[in-house]
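Everything numeric in this text was worked out from a predicted model, so none of it was measured. Proteins get letters first, then strands, A, B, ... in listed order; numbering begins at 1 in each.
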There are 2 protein chains.
Amino acid sequence: MDRRVTKKDDETSAGERPTLKTLAFMTGLGVTTVSRALKDAPEIGAETRRRVQLVAKQIGYRPNRAGVRLRTGKTNVISLVLNTENELMSFVSDIIYGVTEVIADTPYHLIVTPYSRSQDPLDPVRYLVETGSADGVIISRTQPNDPRARYLLERGIPFATHGRTDMGLVHPYHDFDNYAFASEAVRHLAGLGRRRMALLTPPIGLTYHGHTVNGFTDALSEVGASEVPFNTVTIDHSIEQIRMRTAQLMQRKDRPDGFVSSAAAATLAIVAGIEDAGLKLGRDVDVVSKQSSELLHLFRRELFVVNESFRLAGSELARAVLGWIGGKEPGSLQSLSKPGEVLSYRG
Amino acid sequence: MDRRVTKKDDETSAGERPTLKTLAFMTGLGVTTVSRALKDAPEIGAETRRRVQLVAKQIGYRPNRAGVRLRTGKTNVISLVLNTENELMSFVSDIIYGVTEVIADTPYHLIVTPYSRSQDPLDPVRYLVETGSADGVIISRTQPNDPRARYLLERGIPFATHGRTDMGLVHPYHDFDNYAFASEAVRHLAGLGRRRMALLTPPIGLTYHGHTVNGFTDALSEVGASEVPFNTVTIDHSIEQIRMRTAQLMQRKDRPDGFVSSAAAATLAIVAGIEDAGLKLGRDVDVVSKQSSELLHLFRRELFVVNESFRLAGSELARAVLGWIGGKEPGSLQSLSKPGEVLSYRG
DNA sequence: TTGGCAATCTGTAACGTTTCAGTATACTAG
DNA sequence: CTAGTATACTGAAACGTTACAGATTGCCAA
């Protein structure tokens, strides 16, 4: 007689990780019953349900992710898709914290899926979908006509974008109101008597580039100030390039007397460029900048800042994706964060 | 006759994701043979092997992670364990990029496992191990006697630490030579004629706190300079606290004329504090700081900086963990990164 | 010819879960 | 007293993979 020892007949008791079989053995029930009892299925007796759940809690049962995933296709994974070259440093760290904060008491794990400049941004998303690696996706650097959003929408994969699209398609997003930021900034500069303003824009092609530019130009005409073109460079460019371009710009006689900057690191470069040109911040020129960590006021107290919280963005994006996965209407999972006041630290 | 349609008898051909069964059907081989052929098992004929691999490539076969994981326990996941409150911003972003760079052409995914100040740092690690969620773990904020390292070592889970331990146990690590940094910094300040130096240390309890302090004090006695105690605050403290303490310190008559700072953000605060006290950087006091992004020179060109690359750390840590998983000796997977020169931007 | 063995290939079971199609029991309606 | 039905539970199959224990074939030595 063949008497190989299989797992079937032996200890359901050892120091191994408990499974449904363990629970079934301990409660004297079938595996099926245990499974259903744990998820509050209706056809399980109230007492049985409680008993199973109690035992499960006692022995610290945790469903095996691979088992669930294999059987159901549910991965319990959210993927954050990031560009490894162009994301802002603070963005990455804060958005991750924001996301993890929200998924902390869910079964979800966060995986980071990177792509580099050379790659098609669609690549990582395609990979995720083709390999079924995530239940939901968060993408950044959103474009008005975003192939990734379109692709995910076509496949029915829940996702949320940091930034809006403009394709007539509805999907969850979180965005900062950069139109409001730019126009507030311009109004603030105008209030200081500045009349000739330059804008350091977000990367061309991203949706919020347009928002920012529109807010800027609309407010310019509202306050009757004029624009000094500064479009050879964006916040994606290197510190050194921005610095150099700023210095060049400030050496011209028709130089701006006000700057609006879309990112903190870029603002350091702008200020350096201004000073390279022998001019003084607060006297010859004023700068309003967005920042995500409250550090710029230490750099030069003459700077004006508007705060944007990427941690909030991360939380909102996670909430949105989870909401969609959970069956909510995509259209109800959109949020826009309004900028606070323009803050000053002088004096 | 029972003629339910099961998956067994039908299409292995549809638009679904290909599995081993698909490949088996296409090649006319058994599932087992296909499985072995794909992993270059020895008992598969050379031609068969090539044929299977060709077909697999053609139809874009990718092993189902859940299947592999369920069967073998291998998750193909590396987890980065992060403190959501105290990590440096640049650290998080750069280390993630460093890690992803290395695992990009492996089957590994990176998951971020967070924990907060209130929690026991062991919690997330315990979770990972108990749920078998990762093949390897990367931990930061390493302590001389690190319970996490001990725990992982006991369970035989491959890991690497950012920073060394001091428990007489051998495990992979990557570290920056903070002893060298601090002592070089002191020597540099001494070279500028500074005689009374203060050190803004890393968080107390972390291994590199000790390295930094030792490098600092050893070099002090080497150059015959003296220490001005500045230990009410560390780089973990808030910007405002560091600034306030620095200002207080600089108002005393026995104030330091040189600072060594272990982090860039903290350096901003130190400089602010110095200036709050009405003193001038480069004249009354000099500061040498570590930084991980090259931004400090824009802040004040009088600053002296030493660069530490967290991206490199991430890559090295990933390489170390993968190496251990791959069977290399833990002791051979340790690396120490030497600081470059103290850089100056004045002039 | 026969036995042995190397070279290739294959079926089955198992990992832990959920779903499908039941089964057993007790209760209700007629 | 029977048939129908609601309640509570259960075994088997399947998800995709790998490991184990064969099975088949051909070749060579004796």
**Study point:** B/T72 vs D/dA19: side-chain N/O to OP1/OP2 distance below 4.0 Å
**Key:** no
Angle class for the B/F91/B/F310 ring planes (parallel below 30°, perpendicular above 60°, tilted otherwise)? perpendicular
In this structure, how many angstroms lie between the [atom2] atom of [N] and the [atom1] atom of [X], rounded?
| X | N | atom1 | atom2 | value |
| --- | --- | --- | --- | --- |
| B/K21 | C/dT10 | NZ | C1' | 16 Å |
| A/R17 | C/dG16 | CZ | P | 8 Å |
| B/K74 | D/dA19 | NZ | P | 12 Å |
| B/R50 | C/dC9 | CZ | P | 12 Å |
| A/E43 | C/dC20 | CD | P | 12 Å |
| A/L38 | D/dA8 | CG | P | 17 Å |
| B/F25 | D/dG16 | CZ | P | 16 Å |
| A/R65 | C/dG16 | CZ | P | 16 Å |

Quick note, A/K39 side chain, CB onward, closest among C/dT18, C/dT17, D/dC9 is C/dT18
Closest to the side chain of A/R71, out of C/dT19, C/dC9, D/dT17, is C/dT19
Between B/L70 and B/T32, whichever has its closest DNA chain D nucleotide further toward 5' is B/L70
- Would you find a donor on one side and an acceptor on the other, under 3.5 Å apart, between the side chain of B/D135 and the backbone of B/N76? yes
Pick base, sugar-phosphate or nothing for B/G67, based on heavy-atom distances below 4.0 Å to the nucleic acid. base
Scanning both residues in full, the closest heavy-atom pair of B/S335 with B/E316 reads OG-OE1, 3.4 Å
- Query: Side chains of A/S93 and B/E87: do they bring a donor and an acceptor to under 3.5 Å?
  - Reply: no
